[in-house]
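Report on one structure; see the data block that follows.
All values derive from a computational prediction rather than experimental measurement.
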Amino acid sequence: MQLPLVGQLRMMCRVIFDASVGERTDVLAKTYNESRYCSVTLLLTALTPRHIVQVSDRRVVWQKNDQIVKTEDSYVKAVLTSSFACSYTGLANLGSGDTADWIATVLSDHTTDPDRGITSLMQAATQQLSRRTGDNQKLGIVCAGWIVKSETKRFMPRATVISNFGASSINHEFQAQTISVHAGRLSCVFPQGQIVHQEELDVINRTVEKLCESGRDSARAIAQALTETVRMVARSPSRSPYVSEDVLVSSLPRPDLLKGLLVVGKLVEDYWSVTCIPRGKTRIEQHGGPIIVGHKAAIQALPPEDRPPGEGLFVGARIVRKPEFSGALSCVILTNPPLGHAWGWPG
């Protein structure tokens, strides 16, 4: 299998084969066929020395006979475990009907695995698709987090792409490939899903690299650069039917820089944080409703607009998977840094 992002990023990131998830293939052989656009949305991931940032548009597209019959721009594609951020592009109705819920449920069974569930997620995706019919069954999942490099004992960002489609084909089985920053660089940005042209990738990679070189690589600055790239793609006539300008942003600061819990609704420099930035010029950060995974449990942090009637500050959650063991969900309201919802891990 060939992942289309790899050929474009051979100078920016390194692809590492993991023998536990498949056989090695020639992943550097070819790039996108840019004359044929993918009928999927867009996910961008930035690996940098201080932050991992994922930006995904929120569109889901329904098609019949290769024609778009419906779109919706408010889907939740952000899933967080205590080890990594995860997002997807492609099929949105796996499992009982929602792919993000399905991903969270699978991962919640494997939080103590050596790879924290990535291999099991790949195997479960293959099993799910084996039960389905239809030709356009594309799914790509990107899990990004921090590892400790054995030689230096330092944290380094790493991403794993689980996908069943390449530049020109869809496969029956999923494969996983690992991506890290190429030697000699500080950062890399790579796409999954919708096509990003080579020149567009070059621009966003140069932008993020310069932010890192200048010390201006805040989570907000990186997220803004990625968001603008997603929106540029969304305004492209050939790709706009599949990509929206509404985005979800997940930011994972390096573990030794963290001060506390996960914040929902604000990008905070020294917290894991998730926010939604809707289309328009105001760029006001909103909640976004990410799914938070714990051991044998998962919840979705609900946005304030889903609050019950009455006065007071609302902090709520939808149970995606009920905890199998005794436990509690801790929730703290933060006022410094700026007001956001800080969560603990369920289960």
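- Considering Val249, Leu44, Leu47, Leu252 in turn, Val249 is the only one that fulfils the side-chain contact (heavy atoms from CB on, under 4.5 Å) rule with Val53.
- Not one N or O on the side chain of Arg321 forms a donor-acceptor pair closer than 3.5 Å with the backbone of Ala104.
- Every residue was checked against the salt bridge (charged side-chain N to carboxylate O under 4.0 Å, His left out) condition with Lys153, not counting sequence neighbours, and none meets it.
- Looking only at side-chain heavy atoms (C-beta outward), Pro157 and Thr48 stay at 4.5 Å or farther from each other.
- Within the model, atoms NZ of Lys296 and OG1 of Thr112 stand 8.0 Å from one another, a figure rounded to the nearest 0.5 Å.
- With hydrogens and angles ignored, the 3.5 Å screen pairs no side-chain donor or acceptor of Thr89 with any backbone N or O of Leu43.
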Where do Thr119 and His110 land on the side chain to side chain contact (heavy atoms under 4.5 Å, CB included) test, with the steps shown first?
CA-CA 9 Å; Thr119 301; His110 301 280; over 6 Å; no
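- The salt bridge (Lys or Arg N to Asp or Glu O under 4.0 Å) test with Glu245 is passed by exactly one of Arg235, Arg239, Arg59, Arg279: Arg235.
- In terms of heavy-atom proximity, Ser163 sits nearest to Gln192 at OG-NE2, 3.4 Å.
- Expressed to the nearest 0.5 Å, how far CD1 of Ile222 lies from OG1 of Thr227 amounts to 11.5 Å.
- Between Ser187 and Glu209, the side chains place a donor N or O and an acceptor N or O closer than 3.5 Å (distance only, hydrogens not considered).
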Would you sort out whether Leu186 and Val181 count as a side chain to side chain contact (heavy atoms under 4.5 Å, CB included), showing the intermediate values?
CA-CA 7 Å; Leu186 295 173; Val181 179; 5.9 Å; no
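- Looking at every heavy atom in both residues, Val233 comes nearest to Ile195 through CG1-O, 4.4 Å.
- Counting heavy atoms from C-beta on, the side chains of Val203 and Met232 never come closer than 4.5 Å.
- For Arg254, the side-chain contact (heavy atoms from CB on, under 4.5 Å) criterion is met by Arg50, Trp146, Phe155, Asp256, Leu257, not counting sequence neighbours.
- Without hydrogens or angle criteria, Thr126 side chain to Met122 main chain gives a donor-acceptor distance under 3.5 Å.
- Pairs passing the salt bridge (charged side-chain N to carboxylate O under 4.0 Å, His left out) check and including a residue from residues 79-89, sequence neighbours excluded, do not occur.
- Using a 4.5 Å cut-off on side-chain heavy atoms (C-beta onward), Leu139 and Tyr88 make contact.
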I'd like to know whether Thr111 forms a side-chain hydrogen bond (donor to acceptor under 3.5 Å, both in side chains) with His295, so could you lay out the CA-CA distance, the side-chain angles of the two residues, the decisive distance to 0.1 Å, and finally the verdict.
CA-CA 6 Å; Thr111 57; His295 182 58; 2.9 Å; yes
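- For Glu213, there are no salt bridge (charged side-chain N to carboxylate O under 4.0 Å, His left out) partners, not counting sequence neighbours.
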Give the intermediate values and the outcome of side chain to side chain contact (heavy atoms under 4.5 Å, CB included) for residues Ile141 and Thr99.
CA-CA 10 Å; Ile141 305 169; Thr99 297; 5.8 Å; no
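- Asp98 is linked by a salt bridge (charged side-chain N to carboxylate O under 4.0 Å, His left out) to nothing, counting only residues two or more places apart in sequence or in another chain.
- No donor-acceptor pair closer than 3.5 Å links the side chain of Thr160 to the backbone N or O of Gln177.
- Annotation: side chain of Thr41 is not in contact with side chain of Tyr75 (no heavy-atom distance under 4.5 Å).
- Within the 4.5 Å cutoff, the side chain of Thr275 has no heavy atoms near those of the Lys266 side chain.
- Residues Val142 and Ser87 are not in side-chain contact: their nearest non-hydrogen atoms beyond the backbone lie 4.5 Å or more apart.
- Counting only heavy atoms from C-beta outward, the side chains of Leu248 and Pro290 never approach each other to under 4.5 Å.
- Under the rule for a salt bridge (charged side-chain N to carboxylate O under 4.0 Å, His left out), Arg58 has no partner lying at least two apart in sequence or in another chain.
- A side-chain donor-acceptor contact under 3.5 Å links Lys77 to the backbone of Asp57.
- Closest approach of Pro241 to Pro237, counting heavy atoms only: CD-O, 3.6 Å.
- Leu91 places a side-chain heavy atom less than 4.5 Å from the side chain of Gln137.
- The two residues Val189 and Leu201 make their nearest non-hydrogen contact at O-CD2, 4.0 Å.
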Would you check, one step at a time, whether the test side chain to side chain contact (heavy atoms under 4.5 Å, CB included) holds for Ile277 with Arg231?
CA-CA 11 Å; Ile277 305 177; Arg231 289 178 170 172; 3.6 Å; yes
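- A donor-acceptor pair under 3.5 Å is absent between the side-chain atoms of Asp217 and the main chain of Cys212, judged by distance alone.
- The two residues Ile291 and Arg318 have their closest heavy-atom pair at CD1-NH2, 4.4 Å.
- Taking both residues in full, the closest heavy atoms of Pro191 and Leu42 are given as CB-CD1, 4.1 Å, listed atom of the first, atom of the second, then distance.
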